A.B. asks: 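Below: one structure in structure tokens.
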Amino acid sequence: MSGSDGTSQWWRTAVMYQVYPRSFADGNGDGTGDLLGLRARLPYLADLGVDGLWISPWFPSPMADGGYDVSDFRGIHPMFGTLDDADAVLKEARDLGLRIIIDLVPNHTSDQHPWFVAALESDPGSPERARYFFRDGRGSDGSEPPNNWISAFGGPAWSRVTDADGRPGQWYLHLFAPEQADLDWTNTSVLEDFDDVLRFWFDRGVDGLRIDAAPAMAKRGGLPDADYGGVLQFRTVDWDGNPHWDVDEVHDIFRRWRAIADSYDGDRAFVAEAIVNTPERLVRYVRPDEMHTAFNFPYLKGPWEAESLRRIIDATLASFDPVGVSSTWVLTSHDETRPVTRYGRATTSSFFVADGQGEESDLALGTRRARAAALLMLALPGGAYIYQGEELGLPKVDDLPDEVLQDPMFLRSGGVMRGRDGCRVPMPWSGSAPPFGFSPRGVQTWLPQPESWSELTVEAESADEGSMLSLYRSALRLRRTTKGLYAAGLAWRESPSGVLDFDRGTALRCVVNLGPEPVEVPAADVVLCSAPVVGGLLPVDAAAWLLLPSR
Ligand code: GLC
């Protein structure tokens, strides 16, 4: 599609595939994914039919939070390869017609970042410390944190440093793990250095950047105590006036960045990771001079329930359409429970932290629903995100042994929260036993894969027309080839309770049955379905795409 400014504005309709590099494909045989492995699998992604990739952080990092603790924003983690390998990924992806966005993590740096190391070696009040939030503690001996803020991963958001003489010193702020020190975005040297980081990657040819934890980047002046109410919980929604999340000044940063993106030819795009209180607050991130698009968290978190989904879809369109920004639709990520697991539970909605852990899941039911959810997501107007392994219907691995878990959420909660490792288990590519072609035979992958994944490999599913992979391939192909689909809006049809039924202009009709009974559909018009339509009936927990009879 061509925008009014002569650019393609590809982000408006693109289906992006999230690569978590550590778990995608291992090219050098050490049990961990890398860029050599990713390069070798790019043709798989082109063949799948996605428009591009979002690559989770590939920068040097001590991996205290799976790479979201960056120690050099202009490099590549040696475990993943080199800058030359990254250039090769960018070039080979481009040759295959795939866009690439990378994941910028600007709210914090690793505690191993040279800036933080220098800050620790410098005195209170020094320019080195001014890049972060170093403050004296409260109480007569400074032994209390400077304020009451808590970390998203549990515990206080402040840690105290030890001075060179061995005595306790100042405290520094970390809204996530202690190894992720928050930057002070009112500091000019931080702003200027990141201008350069953006240019560094745009110059290398990335098509865009995902902005991690965007609402965290500004803090209320004076760092006042937060009023958490009764329960001491890190909340990003249902809370007006949070002093450490979605503070208005954050938008000044994105305006500055937009000017940089616009100074490049070609269309570079930002996507906001912004979980905020209301659609009105979210739309502020995608104003014409800020980011281009934003992840749709309400949709990701929504339950498998027709009325709620319809409400979320309508609210999304109602908030994005008037500002001329296209919506995105997403079911999962490296932070979330995988759809086949979530939809097979009694609680089908998702929330970042505890996330139904321990709740039994009926994976056959979850898989049926996840198939239908895929057709719903890919029929909606706008762009979409697919997280690696979603196209295979991988479940979350709930029984990883404690000793392999690496998520700071697990470690910081003393094991109370099991964390996100279960949705980061390496991809199964081929063969009948671990490592399933992820690594060479005999190599132990960094997180163990379940034996039961032998039926969920790319190889096995490619040979099976009824597999999740075949469904995704067909849906993505149809999405590309159905004329008029991208430009069309969404119009609901009247439908029985529990059924979502809508037209996309005259291009496509989508029916999703979340009700208790099969529903009638005109079988002759069905071009794709998540479960067989027999006798004109679409089963429960199934979806169908239909070509409209007028065509
Ligand atoms: C985002 C990332 C998550 C990470 C956090 C801190 O939410 O998606 O994986 O832990 O930011 O960087």
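Both ligands and their constituent atoms are indexed starting at 1 by order of listing. It should be emphasised that the depicted structure is a prediction, and the values quoted were computed from it without experimental measurement. Computed from heavy atoms alone, side chains included, the values below leave out hydrogens, waters and symmetry copies.
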A.B. asks: Applying ring-ring contact (aromatic ring centres under 6.0 Å, His included) between Phe134 and each of Phe116, Trp171, Trp115, report the one that passes.
C.D. replies: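 Exactly one pass, corresponding to Phe116.
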A.B. asks: Heavy-atom contacts with Glu273 under 4.0 Å: which atoms of ligand 1 show up? List them by number with element.
C.D. replies: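 Near Glu273, the atoms of ligand 1 are 1 (C), 7 (O), 8 (O).
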A.B. asks: Taking 4.0 angstrom as the limit and counting only heavy atoms of Asp335, give me the atoms of ligand 1 inside it, by number and element.
C.D. replies: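 Selected atoms, number and element: 2 (C), 3 (C), 7 (O), 8 (O), 9 (O).
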A.B. asks: Using a heavy-atom cut-off of under 4.0 Å, does the side chain or the backbone of Tyr20 touch ligand 1, or both, or neither?
C.D. replies: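 Contact part for Tyr20 vs ligand 1: neither.
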A.B. asks: If you count the atoms of ligand 1 from 1 in the order shown, which ones are under 4.0 Å from a heavy atom of His108?
C.D. replies: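 Counting from 1, the qualifying ligand atoms are 6 (C), 12 (O).
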A.B. asks: Are Asn242 and His244 close enough that a side-chain donor and a side-chain acceptor fall under 3.5 Å?
C.D. replies: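 Yes, because at least one side-chain N or O of Asn242 sits under 3.5 Å from a partner of the opposite role on His244.
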A.B. asks: Taking a cutoff of less than 4.0 Å between a non-hydrogen atom of the residue and any ligand atom, is Met409 in contact with ligand 1?
C.D. replies: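 No, Met409 has no heavy atom closer than 4.0 Å to ligand 1.
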A.B. asks: Quick one: salt bridge (Lys or Arg N to Asp or Glu O under 4.0 Å) partners of Glu92, sequence neighbours excluded?
C.D. replies: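 Scan of Glu92 (salt bridge (Lys or Arg N to Asp or Glu O under 4.0 Å), adjacent residues dropped) gives Arg39.
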A.B. asks: Do Glu390 and Tyr17 have side-chain N/O donor and acceptor atoms under 3.5 Å apart?
C.D. replies: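 Short answer, no.
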A.B. asks: Holding to salt bridge (Lys or Arg N to Asp or Glu O under 4.0 Å), I want the full list of residues that pass it with Arg22, two or more places apart in sequence or in another chain.
C.D. replies: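 If we apply the salt bridge (Lys or Arg N to Asp or Glu O under 4.0 Å) test to Arg22, skipping adjacent residues, there are no hits.
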A.B. asks: Ring centres of Tyr68 and His334 under 6.0 Å apart?
C.D. replies: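 Yes: the rings meet the under 6.0 Å criterion.
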A.B. asks: I'd like to know if His174 contacts ligand 1, where contact means a heavy-atom distance under 4.0 Å to any ligand atom.
C.D. replies: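 No; His174 lies far enough from ligand 1 that no heavy-atom distance drops under 4.0 Å.
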A.B. asks: Going by the order shown, which atoms of ligand 1 are within less than 4.0 Å of some heavy atom of Phe153?
C.D. replies: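 Checking each atom against Phe153, I get 10 (O).
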A.B. asks: Find all atoms of ligand 1 within a distance of less than 4.0 Å from any non-hydrogen atom belonging to Arg420, and give their numbers and elements.
C.D. replies: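 Counting atoms of ligand 1 from 1, those under 4.0 Å from Arg420 are 3 (C), 4 (C), 9 (O), 10 (O).
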A.B. asks: Would you kindly say whether Trp446 and Ser23 are connected by a side-chain donor-acceptor distance under 3.5 Å?
C.D. replies: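 Their side chains do contain a donor-acceptor pair, which is all the 3.5 Å distance test asks for.
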A.B. asks: Can you tell which of Asp212, Leu175, Ile211 gets a heavy atom nearest to atom 1 (C) of ligand 1?
C.D. replies: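 When every heavy atom of Asp212, Leu175, Ile211 is considered, Asp212 comes closest to atom 1 (C) of ligand 1.
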